[in-house]
*Asks:* 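Structure incoming, see below.
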Amino acid sequence: MFAGLFKRHHKMCKALPCSRVHRWLGLTVLIMILITGLSYVVTVNAVATQGYQIKTLQGQLADLKEVNKKMEVASANLQSLKTIAESLPKDGFITVERLEYLAANPAEVGVAVK
Amino acid sequence: MSLSQPTLQLTNRLYLVRLVFFIFLLVVVYKLGSLQILHYDFYSALASRQHDILSKLIPERGQIFVQDSTTSGKIYPVAVNRPLKLLFAVPREIQDAGAAARLLEPILKIPAADLESVLSKKNDPYEPLQHALPDEVAEQIQALNLSGLYLTPEITRYYPEGQTFAQILGFLGYVKDRQAGQYGVEQQWEKVLAGQPGKLKSEKDASGNLIGVGEMDMEPSVNGSDLVLTIDKNVQFKACAVLDQAVLKHGAAAGSLIILDPSSGAIRALCNTPSFDPNDYKATTDLSSFANAAVEEAYEPGSVFKPITMAAALDKGKVTPETTYTDTGQVVVGSHIIKNSDNKAHGLQTMTNVLENSLNTGAVFAMRQAGSKDFTNYVQRFGFGQATGLELPHEHAGNIKALRQPSEINFVTASFGQGITVTPLQLAAAYGAIANQGRLFKPYLVEEIRYPGGKVEKFNGETVRQVIKPAVAATLSAMMVNVVEKGHGKRAGVPGYYVAGKTGTAQVAIPGGGGYDPNKTIGSFAGFAPVDKPKFVMVVKIKEPKDVVFAESSAAPLFGEVAKYLLEYYQVPPEREVK
């Protein structure tokens, strides 16, 4: 590869004065370095920005999970028989005193399906 | 052509500059090589401390659920994870420990002097102050805006039903600074509930936060699995409430109650009194209340064991319900005289009468008919003297060692439930076998394990063995109905239904030997209903009631009240006209 580059350089030097060839080469390399450096900076910046966005979203997710957990606990509390038993008198429920089972002829009993 | 003097001097100076640069270059190369190659490990570690985070990923603990037979398929949480806050201090950042302590005292309810001694440790980088702070309290502390105090999220365990399920669940406590289940399901199923912690190694930025798109080496945590128990929450609530009332009414030392489904061995309720509040287990002063007496405490059952003796004699074909013997009121065994509990002689009695009148002499007769060896065999086949394998810790196997000693008095006393010890759980399983056509099921408590990935593992009843023939089970059940209809178990009956059962009033041995305490008894009732297709088997035990002596006045009414509730709850229509 380097032999090929050297040959090209030698050919260019034959066509043009060597000092001008060197100047153009140096300028090209410099521009390429600048472009590469700039694109690297832009890429890294974009990635870092996304990283912060991800971090923000992760924080929001954690907050939502915590809120969800608290609501689950509140729901469990409301469903607990301990809570329900305490609220029964306030809600006007009374104890069932007597049960009566009705003797029905199965042929006469219809069951609504919908 | 030779160079002029000035040109030569310039050339030499140029050589010197080149030499200096070359030497400088050599030094730089050497230094780079030294830093990056020779001392690579040291600087890499230094950079890692600065740039890397290595954190443990804490898994979420599995929750525990119970069922409600009135809402098919729906489950209810009885142990959940609740996000709260941990307050910790970095004492070296606190400027005025005394002032901070005085401000925190009314909020944390900890004396200022104690707080100040913790906050004034200047070289201390971390001191936890209080766990499980609710949001309201955390907000009050945040409003103080004190330096060196931090709040961090903390997950704690919460039991919405409080004491009702405490004996089954246990609680989540600490073992050597690590959270671990203590007692009950929390302890027995610790590995399933706890999950597995993970690890995360990543890079952090200057403010100490994780770089989301940086290099990451992660071993994810595995959350714990949820458990669904066989317990019916309504049955548990009602049964425990009635047990508490009964123990209070009789001034008893303790009480236990177990209800299981005889067709599968599933435990529907398990209660003990006294109990404790798992949400505040540290406030418990009586440590014995942590123990699950229904499973861990073996006792001499007394007459409630007589159906087991009768089952052996019936199954061997040695007696029938009409087989008679003459009750003289006592049986002499060597130097021992065994009497009936009422000290009476009842004359000609059938085997059914033996259970109705709870005759010790009749139990001895039945045992002798079966033969001591076969009697022992049946006792073992009913599951006594060995743990049932229920998924709770510290299960007691009971003690039937007396039956392995060739002494007739041991078999005689065992025939009416003295001289051997059993647990209420073993009694429930054995009576379950009688109710279930002679087939013994292994009691179980966990119906499902729900893994984090969605997989569900279900457990069903496991048959242990056929203990007695189905016809014998039916015969014995009918004899036990007579106990409730005509015998000592009348108060266990439910109008309109045929309830089978047996009372037991056992004496309590004096600790350290020396016979039985004349002032103490343990009243039990074991039974099932309705006798045709039993929906439940229940064992109740009242320990040392103060106002009554016999189980027919303590355990039997308790059984009757819960049995009435269960028959209505399971919507079992009456089997006969209610008079």
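Note that this is a predicted model, so its numbers are computed, not measured. Residue numbers start from 1 in every chain, and the chains themselves are labelled A, B, ... in the order their sequence lines are given, proteins ahead of strands.
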*Asks:* Between A:K69 and B:E154, is there a salt bridge with N-O shorter than 4.0 Å?
*Replies:* no

*Asks:* Where on A:A62 is there a heavy atom nearer than 4.5 Å to chain B: the side chain, the backbone, both, or neither?
*Replies:* neither

*Asks:* Under a 4.5 Å heavy-atom cut-off, does chain A meet the side chain of B:Q236, its backbone, both or neither?
*Replies:* neither

*Asks:* Okay, side chain of A:Q79, backbone of B:Y76: is any donor-acceptor separation there less than 3.5 Å?
*Replies:* no

*Asks:* Just give me the residue among B:T164, B:L84, B:N81, B:I155 that pairs up with chain A most often, heavy atom to heavy atom, under 4.5 Å.
*Replies:* B:N81

*Asks:* Against chain A, label B:D135 side chain, backbone, both or neither, depending on which of its atoms sit under 4.5 Å from a heavy atom there.
*Replies:* side chain

*Asks:* In sequence, state the C-alpha distance, the side-chain angles, and the governing distance for B:Q163 and A:K82, and then conclude on side chain to side chain contact (heavy atoms under 4.5 Å, CB included).
*Replies:* CA-CA 9 Å; B:Q163 282 207 13; A:K82 193 165 137 251; over 6 Å; no

*Asks:* Would you indicate whether the side-chain heavy atoms of B:R82 and A:K70 approach each other to under 4.5 Å?
*Replies:* no

*Asks:* Does CD belonging to B:Q571 count more than 12 external heavy atoms closer than 6.0 Å?
*Replies:* no

*Asks:* Which answer fits B:V66, side chain, backbone, both or neither, if we ask what part of it has an atom under 4.5 Å from a heavy atom of chain A?
*Replies:* neither

*Asks:* Measure across A:A76 and B:P77 and return the closest heavy-atom pair with its distance rounded to 0.1 Å.
*Replies:* CB-CG, 3.6 Å

*Asks:* Do B:K233 and A:L81 have side-chain heavy atoms sitting under 4.5 Å apart?
*Replies:* yes

*Asks:* Please classify the contact of A:Q53 with chain B as side chain, backbone, both or neither, using a heavy-atom distance under 4.5 Å.
*Replies:* neither

